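Naming convention: chains lettered A, B, ... in sequence-line order (proteins, then strands); numbering from 1 in each chain. Remember, it's a predicted structure, so these values are computed and weren't measured experimentally.
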Protein chains: 2
Amino acid sequence: MKVTIKDIAKEAGVSITTVSRVLNNKPDVSDNTKEEVQKVINRLGYNPNGVARGLVLKKTYTIGLIIPDISNPFFPEVARGIEDKAKELGYSVIFCNTDNNKEEEREAIELMRSKQVDGMILSLSIGNKEELHKLAKANFPVVQIDRKIPEVELPAVTINNKTSAYQITSYLIELGHTKLAHIAGDLATKTARDRLSGFRQAIDEFGLEYSDNWVLKGDYSKESGYKLMTTLLEQSQRPTAVFMANDLMAIGAYGAVFDSGLKVPEDISIVGHDDIDIASAIRPGLTTIMQPKYKLGMTAAEILIKRINESNFIGDDVILKPKLQIRSSTKEWQANA
Amino acid sequence: MKVTIKDIAKEAGVSITTVSRVLNNKPDVSDNTKEEVQKVINRLGYNPNGVARGLVLKKTYTIGLIIPDISNPFFPEVARGIEDKAKELGYSVIFCNTDNNKEEEREAIELMRSKQVDGMILSLSIGNKEELHKLAKANFPVVQIDRKIPEVELPAVTINNKTSAYQITSYLIELGHTKLAHIAGDLATKTARDRLSGFRQAIDEFGLEYSDNWVLKGDYSKESGYKLMTTLLEQSQRPTAVFMANDLMAIGAYGAVFDSGLKVPEDISIVGHDDIDIASAIRPGLTTIMQPKYKLGMTAAEILIKRINESNFIGDDVILKPKLQIRSSTKEWQANA
DNA sequence: GTGAAAGCGCTAACAT
DNA sequence: ATGTTAGCGCTTTCAC
């Protein structure tokens with residue numbers, strides 16, 4: 001049987017209140033009894049029952065983390081940032097993968113709530129406005145990460161994906177490219193939509209022609225990157241540069257280019273987004289947008305926990321700065337006569 | 001205020017016992033009242049308090065996952081396997097990073113226990129026998145993953161790292177290499193020790209000479225791979241092939257070779273271990289040992305939960321099969337006169 | 001078929 | 001400085 005506060009009380013010859021007092025470092029215990037009780041606690045190897053404590057305190061010191069997929073290389077670092085900050089502030093994290101599936105997301109949120117987490121960090125598909133509205137209305141502590149669902153008043157920690165997409169597309173254009181393609185991410189996500197929209201903005205502003213044939217809809221996976229890049233290369237009119245909506249798809253694209261007997265960047269420039277580990281490891285190094293993933297996580301956890309502990313604190317959106325990371329997958333392009 | 005079982009009872013005009021009965025699908029409720037109660041539950045959006053339930057049931061339907069670092073590319077996939085299986089069986093997972101730090105590990109275990117997890121999946125450094133012994137003695141459900149601490153009677157889901165190291169070293173030898181080096185992982189881990197020992201066994205069995213200069217102690221990080229490979233290359237006698245204890249270090253080694261103006265595999269063959277995503281994405285593709293990471297996770301979760309639910313079940317060790325994954329970072333070697 | 005009461009392990013008034 | 005009591009939200013005897 002596990003040893004409880006009662007056992008300690010009996011063994012030490014005091015009331016459970018007194019034990020509780022020394023457990024929580026409350027005043028009003030004589031040094032003597034405190035010491036005595038502490039000894040018994042150590043001797044019996046007592047470990048307070050957090051569940052019981054949680055029930056009376058209405059606080060579990062646990063936060064929920066709901067993300068699409070921990071095995072997508074973007075998320076482990078943000079998860080690490082979250083866990084580090086949470087631990088620092090005395091919280092644990094319970095996590096759940098949803099694959100951007102609306103129903104999974106709903107269930108995950110419900111589950112977390114029934115587990116009485118003190119707050120949640122969410123990266124949801126775009127379909128789940130209602131769920132978020134409910135949480136907001138219930139005044140439940142939530143911070144969104146990576147993706148901010150539009151029209152939802154919950155704070156978010158993100159980068160500006162439209163800007164980053166605009167920036168990297170502009171970079172391609174400044175290199176002399178005029179035939180640009182984009183392979184979009186899962187358009188059920190806000191990030192994919194924003195990146196697409198940043199791409200189009202750049203195309204428009206620089207007065208380049210826009211072709212539906214050169215904007216393909218992927219799903220952020222390596223496989224879809226490979227497949228869609230293959231499709232792109234099979235077209236009669238080939239772009240000279242392509243913006244892949246994330247690095248994972250860019251990796252897939254490398255393979256497709258290679259398999260077509262072409263070369264990056266000589267025949268086609270490729271850029272990605274996120275700067276996951278692989279981006280700097282592959283050759284040619286992938287030009288991409290670096291997202292401060294760890295910091296994204298740290299910041300989200302920090303805001304969430306502040307929100308949990310200060311009822312009058314409503315977190316603001318935090319928009320972190322990404323950075324254009326130029327490597328070797330891009331080169332200047334001269335239109336030849 | 002959150003709605004409780006009491007509110008439902010009052011609103012439906014029944015006792016809380018009855019509400020509890022319909023909540024848990026117990027018999028002895030008339031179809032009529034059941035339906036009535038269910039209606040109220042839906043109307044009020046009631047969500048049972050898992051903490052209260054956990055207190056009386058002494059069961060939280062939560063398992064703990066303690067690993068060195070979720071942002072090490074080896075772990076996300078195993079974490080995903082664990083979460084998938086856990087979810088399937090009705091459990092959630094709460095996770096914690098320890099960086100192979102003994103004290104962090106101790107604290108994490110204690111934390112999990114105070115949170116009353118039903119069981120834990122652990123990947124610990126080798127220093128923590130005592131902690132594991134305590135858990136074993138307390139008959140607390142635990143399964144080890146990736147690394148089995150020696151002399152501890154808790155089931156483990158692993159591959160045989162000595163065998164895999166032996167296998168990949170033999171492959172190098174069969175290619176004609178006779179000057180082999182090994183850059184070990186963090187020797188505070190069982191895996192690193194086993195891989196080193198498999199390497200030495202191959203060296204011994206094939207009667208190759210062994211030099212301490214060619215066995216360097218890394219820590220599984222990319223940076224240490226780069227640094228130690230540089231050290232290796234600076235030596236007067238250079239090996240022609242090196243077994244890096246994991247893929248991450250192998251990536252670092254690629255950089256070191258490149259920066260020395262040498263080429264993989266023409267000047268030096270390199271192999272890794274684990275087959276993380278990057279291994280197949282980089283050029284030349286990294287010859288390595290593929291670990292069934294997702295399955296490792298699935299299996300561990302399955303055993304753990306079975307162990308939780310069947311008091312007489314003691315899980316056996318499961319040793320999964322790795323696979324030699326030959327790519328282009330290795331080539332035959334002819335000793336030239 | 002239904003409800004009253006006890007109790008899970010703890011904290012927090014409220015005495016004393 | 002210490003103890004008594006109530007109660008957190010739920011499940012489970014036990015009685016009716």
**Request:** With sequence neighbours left out, write down each residue that passes side chain to side chain donor-acceptor pair (under 3.5 Å) with B:Asp146, or none if nothing qualifies.
**Result:** none
**Request:** Name every residue in residues 22-34 of chain A that has at least one heavy atom under 4.0 Å from any atom of DNA chain C, in order of residue number, or write none if there are no such residues.
**Result:** A:Asn24, A:Lys26
**Prompt:** Between atom CG in A:Leu44 and atom P in C:dG9, what is the gap in whole Å?
**Reply:** 15 Å
**Asked** Quick one: side chain to side chain contact (heavy atoms under 4.5 Å, CB included) partners of A:Ala300, sequence neighbours excluded?
**Response** A:Ile121, A:Val143, A:Ile145, A:Val157
**Item:** Pairs flagged by ring pair (Phe, Tyr, Trp, His ring centres under 6.0 Å) wherever residues 93-112 of chain A is involved - sequence neighbours left out
**Value:** A:Phe95-B:Phe95
Result block: side-chain N/O donor-acceptor pairs under 3.5 angstrom for residues 304-311 of chain A, not counting sequence neighbours:
residue	atom	partner	partner atom	Å
A:Arg307	NH2	A:Asn139	O	3.0
A:Arg307	NH2	A:Asn139	OD1	3.0
A:Asn309	OD1	A:Tyr91	OH	3.3
A:Asn309	ND2	A:Ile305	O	3.1

**Message:** Is it the case that atom NZ in B:Lys2 sees more than 12 heavy atoms from other parts of the structure closer than 6.0 Å?
**Reply:** yes
Heteroatom pairs (N/O) under 3.5 angstrom, protein to nucleotides 3-5 of chain C:
residue	atom	partner	partner atom	Å
C:dG3	OP2	B:Ser15	N	2.9
C:dG3	OP2	B:Ser15	OG	3.2
C:dG3	OP2	B:Thr18	OG1	2.7
C:dG3	N7	B:Arg21	NH1	3.4
C:dG3	O6	B:Arg21	NH2	2.5
C:dA4	N6	B:Thr17	OG1	2.9

**Atom-to-atom span, CD of A:Glu35 to P of D:dT2 - whole angstrom** = 13 Å
**Request:** Can you run down the side chain to side chain donor-acceptor pair (under 3.5 Å) pairs that involve residues 293-305 of chain A, sequence neighbours left out, and say none if there aren't any?
**Result:** A:Asp84-A:Tyr294
**Asked** What is the distance from CZ of B:Arg113 to P of C:dG9, rounded to the nearest Å?
**Response** 14 Å
**Prompt:** Do other residues, nucleotides or ligands put more than 12 heavy atoms under 6.0 Å from A:Lys10 NZ?
**Reply:** no
**Asked** Tell me, which pairs form a salt bridge (Lys or Arg N to Asp or Glu O under 4.0 Å) where one or both residues lie in residues 38-58 of chain A, sequence neighbours left out?
**Response** A:Glu11-A:Arg43
**Asked** Do other residues, nucleotides or ligands put more than 12 heavy atoms under 6.0 Å from the NZ atom of B:Lys129?
**Response** yes
**Message:** In whole Å, I'd like the distance from the NZ atom of A:Lys59 to the C1' atom of C:dA12.
**Reply:** 17 Å
**Prompt:** Can any side-chain N or O of A:Asp186 pair as donor or acceptor with the backbone N or O of A:Ala188 at less than 3.5 Å?
**Reply:** yes
**Prompt:** If only atom types and distance count, is the side chain of B:Thr62 paired as donor or acceptor with the main-chain N or O of B:Thr60 below 3.5 Å?
**Reply:** yes
**Request:** Could you tell me, to 10°, how much the axis swings from one end of the helix from C:dG1-D:dC16 to C:dT16-D:dA1 to the other, five pairs per end?
**Result:** 40°
**Item:** Of all pairs that satisfy ring pair (Phe, Tyr, Trp, His ring centres under 6.0 Å), the ones with a partner from residues 18-42 of chain B, not counting sequence neighbours
**Value:** none
**Complete:** Rounded to whole Å, CD1 of B:Ile41 lies from P of D:dC10 at a distance of 10 Å
**Prompt:** How close or far is atom P of C:dG9 from atom CD1 of A:Ile8, stated in whole angstroms?
**Reply:** 13 Å
**Message:** Could you tell me how far apart A:Asn47 (CG) and C:dG9 (P) are, to the nearest whole angstrom?
**Reply:** 14 Å
Pairs under 3.5 angstrom, nitrogen or oxygen only, protein versus nucleotides 7-9 of chain D, please.
residue	atom	partner	partner atom	Å
D:dC8	O3'	A:Lys58	NZ	2.6
D:dC8	O2	A:Val56	N	3.4
D:dG9	OP1	A:Lys58	NZ	2.7
D:dG9	N2	B:Ala52	O	3.4

**Item:** Any residue meeting side chain to side chain donor-acceptor pair (under 3.5 Å) with A:Glu110, in chain and number order, not counting sequence neighbours
**Value:** A:Arg106
